[in-house]
Protein chains: 2
Amino acid sequence: MDMKIVDVAKRAGVSPATVSRVLNDSSLVKERTKAKVLAAIKEMDYHPNSAAKHLRSQRTMMLGVIVPDINVSYFAEIIKGIENMAYARKYKVIICDSDNKAEKEQEYLALLPNRAVDAMILVTPLIDNAILYEYADKGHTIGIIGKTVTHERIPSCKTDNVKFSYQVVDHLIEQGHEQIAYIGGYPDSVETYERLEGYMKALKEHHIPFRPGLIDNGDFEEEGGYAALLRLLDAKTPITAVYVANDEMALGVYKACREKGIRIPEDLAVVGVDNNRITKYLLPPLSTVEQPKYTMGAIMAEKLIDRLTDNEFEDKHHFVIDSEVIIRESSVRKA
Amino acid sequence: MDMKIVDVAKRAGVSPATVSRVLNDSSLVKERTKAKVLAAIKEMDYHPNSAAKHLRSQRTMMLGVIVPDINVSYFAEIIKGIENMAYARKYKVIICDSDNKAEKEQEYLALLPNRAVDAMILVTPLIDNAILYEYADKGHTIGIIGKTVTHERIPSCKTDNVKFSYQVVDHLIEQGHEQIAYIGGYPDSVETYERLEGYMKALKEHHIPFRPGLIDNGDFEEEGGYAALLRLLDAKTPITAVYVANDEMALGVYKACREKGIRIPEDLAVVGVDNNRITKYLLPPLSTVEQPKYTMGAIMAEKLIDRLTDNEFEDKHHFVIDSEVIIRESSVRKA
DNA sequence: TTATATGATTAAATCGATTTCATGAAAAGC
DNA sequence: GCTTTTCATGAAATCGATTTAATCATATAA
């Protein structure tokens with residue numbers, strides 16, 4: 001049906017091998033023949049068959065990306081970073097919207113042994129670390145964004161949760177708050193834990209006693225934040241500020257406040273995390289933390305592609321990127 | 001390095017052909033041999049090589065999707081619809097974030113003649129129709145979401161812009177408005193035009209004269225909406241309501257109003273389109289139009305996959321889906 | 001001028017599955 | 001019991017590129 005490399009070769013009066021060299025711009029083709037071949041390719045509108053190329057060269061120039069939900073700005077932005085870097089390096093990106101199903105994540109991971117992708121990037125995966133390690137041990141290339149695992153073959157990229165959480169709580173304390181609540185995400189997630197750590201560190205430095213009753217968890221979604229705040233309000237310890245582990249849950253907090261007639265920030269200061277696009281349009285605009293999502297995606301894609309091309313390992317492969325705390329009206333005492 | 005189909009065949013004591021049949025669950029394999037083969041596959045942890053499969057079978061089970069910006073909820077939701085349907089049908093999805101660059105769209109289109117994807121879905125493409133027609137004429141499978149083109153081989157899926165725009169403007173008129181402005185998107189886009197059409201139809205039915213001075217265009221982005229509203233305010237004709245062709249631009253309108261001290265909806269009623277997640281958190285919550293984004297993605301993926309598998313054409317291949325107008329506070333007269 | 005090194009090109013093997021065609025075995029028909 | 005179908009399996013060709021090893025051509029050295 002379509003053209004094949006031999007057709008081009010015939011037309012240009014050379015062998016298929018030479019055409020292939022031109023295609024992959026190998027240095028050892030004379031200018032003159034190269035020109036002939038390129039002309040033939042153009043005239044015949046020849047497009048090399050990817051499958052054949054992949055099969056013979058043993059690389060597909062494809063990256064897989066697994067995220068829980070594309071329609072959450074945080075993940076979309078990471079994907080953009082990955083896609084753009086991949087594009088610059090002539091890679092393609094296959095996406096998996098796992099819908100928070102570990103099972104679906106696992107099915108997509110099978111693209112690795114199938115050789116349908118050269119590498120896989122997981123964003124805050126739910127799947128067991130043990131399974132990831134198995135893949136890595138078998139020589140597959142995988143990277144993780146959003147958390148760190150302890151495996152020498154699995155690079156990771158994340159932000160310094162402890163650091164920015166410390167800054168957030170420090171800011172709240174400076175605003176005069178002492179009764180500061182914390183709403184985490186999934187109880188056993190790294191983010192939840194590390195952000196709590198930064199929270200406690202700030203309290204400690206300011207000699208404010210830590211009260212376990214001020215800690216609650218949601219599920220990183222609006223509903224979870226809503227429920228968590230209601231529980232905190234019902235408890236006996238009064239609170240004047242709340243640090244919420246992500247913006248989605250902060251939306252739930254806003255909703256709860258609206259229903260309960262609690263004014264932000266007068267009655268309750270609120271800070272979230274992620275700098276979701278929504279946050280600056282809220283009333284009041286939400287203080288939050290800008291995570292360099294795009295950058296994290298791009299860095300991870302670049303590192304993995306480097307590894308695939310050079311097949312070399314860098315010793316250091318855990319990247320921790322700085323975040324920026326964005327102060328808006330939701331956490332600032334009115335004059 | 002890895003296992004090959006012959007290894008499995010040897011282990012199971014059958015020929016590669018039989019293993020292949022089991023893999024593609026062909027009906028003509030005895031239960032007993034099938035079991036043997038499956039056992040061997042499991043024991044050896046065999047994973048068929050995709051490239052080889054694609055090469056021989058001449059299909060890659062991949063769909064390409066081109067969108068202007070993944071981090072806009074409208075597109076993310078469409079992608080989700082596509083990905084989920086693809087997943088159910090064992091297809092994979094390659095994404096392109098074109099960043100509104102026609103050039104990048106065109107580069108990704110080359111995946112078709114390269115046979116890297118079996119079909120391509122374009123969402124509101126910027127690229128020339130002529131180029132799309134060329135691909136379609138060459139026998140490539142492409143589909144379009146968000147607009148319709150007149151080519152018998154290119155299916156499309158969109159919402160009834162005229163209809164819901166009519167409903168929106170009708171609603172504004174019922175609220176007592178007569179000086180209703182319209183802010184379109186890209187001047188030459190189908191959406192811009194069709195939504196204007198619905199606007200005019202509503203005016204006409206209510207015997208309200210059409211004033212060209214009340215029409216302006218943005219670029220479907222926040223900035224464009226902002227600038228357009230400022231221009232409308234500067235003009236001599238006073239306005240009491242504005243219908244904005246998408247929510248992004250409506251955000252710009254909100255910004256302009258905030259700066260100018262214009263109250264919504266008291267001084268100016270506003271309605272957008274897309275039901276962007278942000279809209280319900282705005283103050284006041286924005287009236288908008290819910291487009292069945294997920295459904296559009298899923299339908300288009302399904303139709304294209306059907307076409308790829310049966311290789312049959314349906315006569316009717318332009319799908320127009322109904323949208324729902326969502327009335328919120330931004331367009332309702334206060335009591 | 002001949003020998004040697006270097007550069008450009010080609011012939012043929014290869015990647016790992018699917019699929020056509022041929023063949024053997026079992027079931028059905030007479 | 002013998003022929004004819006039907007069903008299950010295998011041998012070998014095939015998909016379309018890349019790449020190794022061999023060959024030819026040209027430049028350099030002696």
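Letters A, B, ... mirror the listed sequences (proteins, then strands); counts begin at 1. Please read all numbers here as calculations on a predicted model, not as lab measurements.
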**Message:** How many whole angstroms separate atom NZ of B:Lys30 from atom C1' of C:dA26?
**Reply:** 8 Å

Could you go through residues 66-76 of chain B and list every donor-acceptor pair under 3.5 Å that involves a side-chain atom there, pairing it with any protein atom two or more places apart or in another chain?
residue	atom	partner	partner atom	Å
B:Asp69	OD1	A:Lys80	NZ	2.5
B:Asp69	OD1	B:Asn71	N	2.9
B:Asn71	OD1	A:Ser73	OG	3.2
B:Asn71	ND2	A:Glu77	OE1	2.5
B:Ser73	OG	A:Asn71	OD1	3.2

**Between P of C:dT9 and CD of A:Glu31, the distance in whole Å** = 11 Å

**Prompt:** Who pairs with B:Tyr91 by ring pair (Phe, Tyr, Trp, His ring centres under 6.0 Å), at least two apart in sequence or on another chain?
**Reply:** none

**B:Lys34 NZ - D:dC7 P separation (whole Å)** = 17 Å

**Residue-phosphate contact under 4.0 Å: A:Gln58 side-chain N/O, C:dG16 OP1/OP2** = yes

**Request:** To the nearest 0.5 Å, tell me how far A:Lys138 NZ sits from A:Arg153 CZ.
**Result:** 13.0 Å

**Phosphate-side-chain proximity, A:Thr33 and C:dT9, N/O vs OP1/OP2 below 4.0 Å** = yes

**Asked** Would you call B:Arg11-B:Glu43 a salt bridge at under 4.0 Å N-O?
**Response** yes

**Request:** Check side chain to side chain contact (heavy atoms under 4.5 Å, CB included) between A:Lys36 and all other residues, then give those that pass, not counting sequence neighbours.
**Result:** A:Val14, A:Thr33

**Asked** Do B:Ile154 and B:Thr148 have side-chain heavy atoms sitting under 4.5 Å apart?
**Response** no

**Asked** To the nearest Å, how far apart are B:Asp2 CG and C:dC15 P?
**Response** 13 Å

**End-to-end axis angle, where each axis spans five pairs of the helix from C:dT1-D:dA30 to C:dC30-D:dG1, to 10°** = 40°

Between protein and nucleic acid, restricted to nucleotides 17-20 of chain D and to nitrogen or oxygen atoms under 3.5 Å apart, what atom pairs and distances do you find?
residue	atom	partner	partner atom	Å
D:dA17	OP1	A:Tyr46	OH	2.7
D:dA17	OP1	A:Asn49	N	3.0
D:dA17	OP2	A:Ile5	N	2.3
D:dA17	O5'	A:Tyr46	OH	3.1
D:dT18	OP1	A:Asn24	ND2	3.0
D:dT18	OP2	A:Ser20	OG	2.5
D:dT18	O5'	A:Ser20	OG	3.4
D:dT18	O2	A:Arg56	NH1	3.0

**Asked** Would you call B:Asp118 and B:Arg307 a salt bridge, taking side-chain N to carboxylate O under 4.0 Å as the test?
**Response** no

**Complete:** By side-chain hydrogen bond (donor to acceptor under 3.5 Å, both in side chains), B:Lys34 pairs with (sequence neighbours left out) none

